[in-house]
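Encoded as structure tokens, the structure appears first; notes follow it.
Proteins come first, then strands; the chains are lettered A, B, ... in the order of their sequence lines, and each starts at number 1. FYI, side chains are in, hydrogens and waters are out, and symmetry mates aren't considered; it's all heavy atoms of this structure. Please read all numbers here as calculations on a predicted model, not as lab measurements.
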Amino acid sequence: MSGAALSLREVAVPGRLQPLSLELPPGLVVGLAGPNGSGKSTLLAVAAGLLPGAGRERNDVRWNGDATAALPALERGRRAAWVPAEARFEFGFTVRSVVAQGRFAHGDDGAGVDEALARLDLAGLAERPVDRLSGGERQRVLLARAVATAAPLQLWDEPLAPLDPRHALEVLALARSLVRAGGTVVFSLHDLRLAQELDFVVLLESGRLRAAGAPAEVLTPERVRTVFGVESRLRSSLCLSLP
Amino acid sequence: MSALGKIRSIRHSGLALVLAGAALLVLALASLAWGDVRLGPGQLAGGLLWRDEFAATILWQIRLPRLLAGMLVGAALSGSGLVMQAYFNNSLASPGLLGVSAGGAAGAVVAIGSGLAAFALLTVPLFAIAGALAATFGVILLARRGASTERLLLAGVAINALLGAVTSYVLSAQTVSYERNAQLVFWLIGGLEDRTWEHIWMAAPIVPAVLLLLPLGRSMDLLSLGAAEAQSLGVDVPRLRRNLLGLSTVLTALATAVAGTVGFVGLVVPHILRLLLGPEHRRLVPHSLVGGAAFVVGCDLLGRCAGGIRLGVVTALVGAPYLLWLLRRAER
């Protein structure tokens, strides 16, 4: 029970997420799939402990068996990192200082920052103000900040959407290496072909959990047809990989 | 741009703070020396050390209270503006534009108009805090956090109009004596005239409030880039929000209770400093406090040199064009 990196018990958000339970074993790259408005972002925010709910609707979210509601805020900052789908930067912080914010919960602002910048190909942009970046660059800044937290549970909301092919593959490789180092990465995505390649897939439809498990079991042609309204079949096509 | 770059290059050293402190010191000395009776360096020293009876009376009775009131008011308003900008994720938020100053003024005016102010020294600041709190909650109701500039400014317009009506009602409906009327007008056009040591004591809580602000710089950085993100990075956002809101409201209210409505300090000072030093609050908080004090002392000095223009008028003359310039620049 306490072996699950993330466990959700009957979590719900009125109007957005029907009560659902989910257990994710550690050491996996997990894809969160589903049509627009199916509750992927909401589920990630719940998993990050950001929508605790109130009263009897209190959401039971556990990381490694520990209830998030009982953890102090700083401890939560060290245990899980969350990356929103879109970042709005009102102030012109430098890329480096935004990434260094990932160290807030550790009480330092240097450790691992250069490495996080390098891993997301941001070393050359380190002194650039974040309000003068493109959408894809902003996304990489947020991912670098999440990596800088060194949190074992990484929750990323559509990290690949604004990225070019090479950076998308690099982020995927990053997810794999974080998992190899003992972490768990959960991210939402629309690319079902890519989801097919991951360790585990969670499928949502209209705020409900449709299926969770190995990609081949979850993304069956029949389910893809009923959930997404598209036909699917396997055939050889263009494959991209890092050189 | 290269000049700006040069200024930015000194931002990592403590030099900027030293420069701001030096500017404040020079302005403070000028403020003590300048007036109907001009005091030379010798008289200044003699007066401050009570060796020169005449200079000492001028300094200790009139000019020192005025100077200290100006410094406290400037630091309070500037710090309050900086906090509001982080709270609302909007660099145009400030106590004047959002109506928090007007709330403090309305509270003070009610306290004076109803005659309650005569009972105790703390009545006016307490009423000012109540009025400022009401205005703050009004703004939060009208423009949730992260609101667009338009929404925020419109909320401020509404709050300012509403509290202006309260003030006007007190002025028109209550049978106020001439003396009280003069006091009321004082609060409407902020100024530092006739401030006494009593006012300094009234404003004294500004000092602990400002000290509480100093360690919050880093969490303000995180909050200013989004509440959910800050929460996920380990900031206790609800608590931080409460602290920031409480501190900024109390700072504005106390400043208003001492000097009336002095506009634009909380907008202009943090904004210029952000252009010069970058957006990091760890640096902005101390600089805003020193810079705000220097700005208000400087504006007061300017008004006095110009033959007694009130502080609220001078800051508006400086700040309003700056705001218009900002809005024009933001449109592009």
Side-chain angles (χ1 to χ4, degrees), chain A residues 41-42 44-52 54 68 71-109 127 129-131 138 141-142 145-146 148-151 153-157, chain B residues 1 4-5 8-9 11-12 82 84-93 145-149 152 215-243 270-271 273-284 326 329-330:
Chain A
S41 300
T42 308
L44 282 170
V46 168
L50 297 175
L51 297 172
T68 53
L71 295 173
L74 279 176
E75 170 83 11
R76 273 184 272 165
R78 289 192 291 265
R79 295 278 290 270
W82 170 78
V83 172
E86 235 182 308
R88 203 172 61 99
F89 294 126
E90 166 75 16
F91 298 107
F93 290 92
T94 62
V95 168
R96 176 186 295 281
S97 73
V98 172
V99 174
Q101 290 184 349
R103 301 303 296 170
F104 176 80
H106 297 269
D108 63 63
D109 59 1
E127 301 307 322
V130 282
D131 55 356
R138 281 204 300 270
V141 171
L142 293 183
R145 183 170 71 178
T149 64
L153 180 60
Q154 297 277 333
L155 304 157
W156 303 343
D157 198 353
Chain B
M1 195 63 213
L4 200 64
R8 282 193 171 194
S9 69
R11 73 191 194 183
H12 288 290
L82 183 67
M84 286 182 188
Q85 286 150 26
Y87 184 93
F88 286 103
N89 296 354
N90 196 312
S91 55
L92 286 181
R145 48 200 139 85
S148 66
T149 301
L152 206 58
L216 296 179
R218 192 163 189 205
S219 20
M220 279 162 76
D221 279 353
L222 274 73
L223 186 66
S224 68
L225 288 184
E229 283 100 319
Q231 179 83 47
S232 81
L233 290 169
V235 179
D236 188 344
V237 170
R239 205 179 113 200
L240 177 65
R241 278 232 177 92
R242 274 198 304 276
N243 289 344
H271 218 282
L273 288 172
R274 202 175 281 118
L275 283 179
L276 295 178
L277 303 170
E280 278 169 44
H281 288 90
R282 263 177 295 181
R283 219 166 296 124
L284 280 181
L326 277 182
R329 212 175 61 133

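- Contacts of A/Leu50 with chain B are made by side-chain atoms alone, with heavy-atom separations under 4.5 Å and no backbone atom involved.
- For B/Val237, no part lies under 4.5 angstrom from a heavy atom of chain A.
- Note on B/Ala228, B/Ala86, B/Gly226: by heavy-atom pairs under 4.5 Å with chain A, the leading option is B/Ala228.
- Shown here for B/Arg218 and A/Ala100, the closest heavy-atom pair between the two residues is NH2-O, 2.9 Å.
- Pairing each heavy atom of A/Arg145 with each of B/Leu225, the nearest pair is NH1-CD1, 4.5 Å.
- Minimum heavy-atom separation, A/Trp82 to B/Glu229: CZ3-N, 3.8 Å.
- Heavy atoms of A/Ala80 lying under 4.5 Å from chain B belong exclusively to its backbone.
- Atom CD of A/Gln101 and atom OG of B/Ser219 lie 10.5 Å apart (nearest 0.5 Å).
- Contact detail for A/Gly102 and B/Leu233: the closest heavy-atom pair is CA-CD2, 3.9 Å.
- For the set A/Arg78, A/Arg103, A/His106, the entry with the most heavy-atom pairs within less than 4.5 Å of chain B is A/Arg103.
- Between A/Phe91 and B/His281, the ring-plane angle classifies as perpendicular under the 30° and 60° cut-offs.
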